[in-house]
Number of protein chains: 2
Amino acid sequence: MMTIGRLSVTAGVKVPTIRYYEEIGLMPEPERTEGNQRRYVGAHLERLNFIRHARDLGFSVEAIRDLLSLQATPDAPCHDADRIAADNLADVRAKIARLKKLEAELEHIVSECAGGRAGECNVLATLADHALCTTDHGHVHNSLHETT
Amino acid sequence: MMTIGRLSVTAGVKVPTIRYYEEIGLMPEPERTEGNQRRYVGAHLERLNFIRHARDLGFSVEAIRDLLSLQATPDAPCHDADRIAADNLADVRAKIARLKKLEAELEHIVSECAGGRAGECNVLATLADHALCTTDHGHVHNSLHETT
DNA sequence: CCAAAAACCTCTAGTTTGTAGAGATTTAGG
DNA sequence: CCTAAATCTCTACAAACTAGAGGTTTTTGG
């Protein structure tokens, strides 16, 4: 049995965020003490770790809800799990592809920009010059943040 | 002289977003027609491309503001821009590493899970297992967005 | 040349994913 | 038992847009 504060520290998720996750249904309502305070058990910590990792990876709350539904029904026909996994796999691959391009651009920026002045620095040129842009100029940041 | 609609299409940024950028000071106030409509010139398009590209790369609006101010004073030391890029690079690499692990798990599910049950899949373990987390458990996605 | 439609205007409100604070209550330590 | 820390609920705010209402301007085509 741990308090919300302890869960917060252990999982690396802020207290109000935990309550927020409960509010939107990502975290279940835990037991309460006589005095109405939340008390969590190990399963809560696991689930919260799951959520946090998935968020770090850029999954939207909705995507996480899907993933969690896999966990909730371990005997469900694999067909459903397969669909959910496949949907997310496409996202993951798209993310990786974009992040690799991003990595290349950032590497370029960092290596070219050693000790010079801003006028000589390639960051600005790289960012301003459309021709230097190696990405597809689709809707990269939308899918990165996955808020659409 | 182009309308906001034309600028929008050319730069790939939605019309309300352009107005929003003006409101928060990322884009300058353009000239207006007699009838109060915005009219943009080439420099606006360049700046908007800069902004969009930087957003695509995961720079926060604040970071972009910094970059734009560096652009305005090309004799300033360049290491600020470099630092911003380097900060993002670390995050991007961490994300790539973890996404690759997740990709492998999702691939496993999609290819192997047919006929099995969700409970046998490893996605959940992958996401929940602290040991697989290669980042410092700081605030990875925060620093990407650099909002804190 | 004038009507209709397309594009534009401002303003407000909603979205997602949280954060921060106020004021009241509960719990834990000494 | 008493006090300080932690918790509770509730509201409001953050970033970075997005959408719609209701009204004006510009363009287009007959």
Side-chain angles (χ1 to χ4, degrees), chain A residues 1-27 29-40 44 48 50-68 91 139-148, chain B residues 1-27 29-40 44 48 51-66 68 138-148:
Chain A
M1 284 298 199
M2 58 178 138
T3 66
I4 198 170
R6 188 138 189 72
L7 180 67
S8 167
V9 169
T10 313
V13 175
K14 287 175 182 162
V15 168
T17 304
I18 295 171
R19 292 198 273 248
Y20 167 72
Y21 285 159
E22 182 183 327
E23 190 186 312
I24 65 172
L26 274 197
M27 287 292 288
E29 292 179 23
E31 309 254 311
R32 301 279 186 136
T33 63
E34 282 291 303
N36 200 38
Q37 295 193 355
R38 292 167 178 84
R39 285 301 119 97
Y40 296 93
H44 291 112
L48 189 53
F50 180 102
I51 294 168
R52 193 174 78 66
H53 285 253
R55 287 294 300 130
D56 281 355
L57 290 171
F59 285 97
S60 70
V61 165
E62 275 319 299
I64 295 171
R65 226 185 278 276
D66 275 356
L67 290 171
L68 284 168
D91 280 353
H139 294 290
V140 178
H141 90 267
N142 277 342
S143 47
L144 217 189
H145 300 310
E146 218 150 61
T147 48
T148 316
Chain B
M1 284 298 198
M2 57 177 139
T3 65
I4 197 171
R6 188 139 187 72
L7 180 67
S8 168
V9 169
T10 312
V13 175
K14 288 176 184 164
V15 167
T17 304
I18 295 171
R19 292 198 274 247
Y20 168 72
Y21 285 160
E22 183 183 325
E23 191 186 311
I24 65 173
L26 271 197
M27 287 291 288
E29 293 179 24
E31 308 253 311
R32 301 278 185 135
T33 61
E34 282 291 303
N36 200 37
Q37 294 194 358
R38 292 167 178 85
R39 285 301 120 96
Y40 296 93
H44 290 112
L48 188 54
I51 293 167
R52 171 157 132 65
H53 194 172
R55 287 294 299 131
D56 282 354
L57 290 173
F59 288 99
S60 71
V61 164
E62 275 319 298
I64 294 170
R65 224 187 282 275
D66 281 354
L68 286 168
H139 297 289
V140 177
H141 86 267
N142 278 343
S143 53
L144 216 191
H145 302 309
E146 223 146 57
T147 49
T148 310

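Letters A, B, ... mirror the listed sequences (proteins, then strands); counts begin at 1.
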| request: Consider the side chain of B/Val61, meaning its heavy atoms from C-beta on, and name the nucleotide among D/dT18, D/dT26, D/dA16 that approaches it most closely. | output: D/dA16

| task | Could you tell me the separation between the NZ atom of A/Lys14 and the C1' atom of C/dG21, rounded to a whole number of Å? | result | 14 Å

| task | Give the rounded distance in Å between these two atoms: CG of B/Asn36 and C1' of D/dT24. | result | 9 Å

| remark: Atom CD of B/Glu31 and atom P of C/dC9 are separated, to the nearest Å, by 14 Å

| query | Under 4.0 Å between a side-chain N/O of A/Arg19 and OP1 or OP2 of D/dC8, yes or no? | reply | yes

| remark: For A/Ser60 and A/Arg55 the tightest heavy-atom approach is CA-NH1, 3.9 Å

| query | Taking for each residue the nucleotide of DNA chain C bearing the nearest heavy atom, is the 5' side occupied by B/Glu23 or by B/Tyr40? | reply | B/Tyr40

| N or O in side chain of B/Thr33 less than 4.0 angstrom from D/dT26 OP1/OP2 | yes

| said: Just N and O in the side chain of A/Arg55: are any of them under 4.0 Å from OP1 or OP2 of C/dG18? | reply: yes

| Toward the 5' end of DNA chain C, by each residue's nearest nucleotide, A/Thr3 or B/Ile4 | B/Ile4

| field | Under-4.0 Å side-chain N/O to phosphate OP1/OP2 contact, B/Tyr21 with D/dA16 | value | no

| Shortest non-hydrogen contact between A/Ile18 and A/Tyr40, atoms and distance | CG2-OH, 3.5 Å

| query | Taking atom P of C/dT17 as reference, at what distance in whole Å does atom CG of A/Leu26 sit? | reply | 9 Å

| remark: Between the NE2 atom in B/His44 and the CE atom in B/Met2, the distance rounded to the nearest 0.5 Å is 9.0 Å

| request: Using a cut-off of strictly less than 4.0 Å, decide whether B/Arg32 has a side-chain nitrogen or oxygen near OP1 or OP2 of D/dT25. | output: no

| request: Could you check how far CE of B/Met2 sits from C1' of C/dA7, rounded to whole Å? | output: 16 Å

| message | Does B/Arg19 form a salt bridge (Lys or Arg N to Asp or Glu O under 4.0 Å) with B/Glu22? I'd like the steps, not just the answer. | response | CA-CA 5 Å; B/Arg19 292 198 274 247; B/Glu22 183 183 325; over 6 Å; no

| task | Would you name the heavy atoms of B/Ile64 and B/Ile51 that are closest together and state the gap between them? | result | CD1-O, 3.8 Å

| note | Whole-Å distance, A/Arg6 CZ to D/dA6 P, equals 12 Å

| note | note: A/Glu22, atom CD; D/dC8, atom P; distance rounded to Å ~ 9 Å

| remark: Picking from C/dC8, C/dT19, C/dT10, the nucleotide nearest the side-chain atoms of A/Pro16 would be C/dT19

| said: Is A/Arg38 close enough to D/dC8 that one of its side-chain N or O atoms is under 4.0 Å from OP1 or OP2 there? | reply: yes

| Atom-to-atom span, CD of A/Gln37 to C1' of D/dT7 - whole angstrom | 4 Å

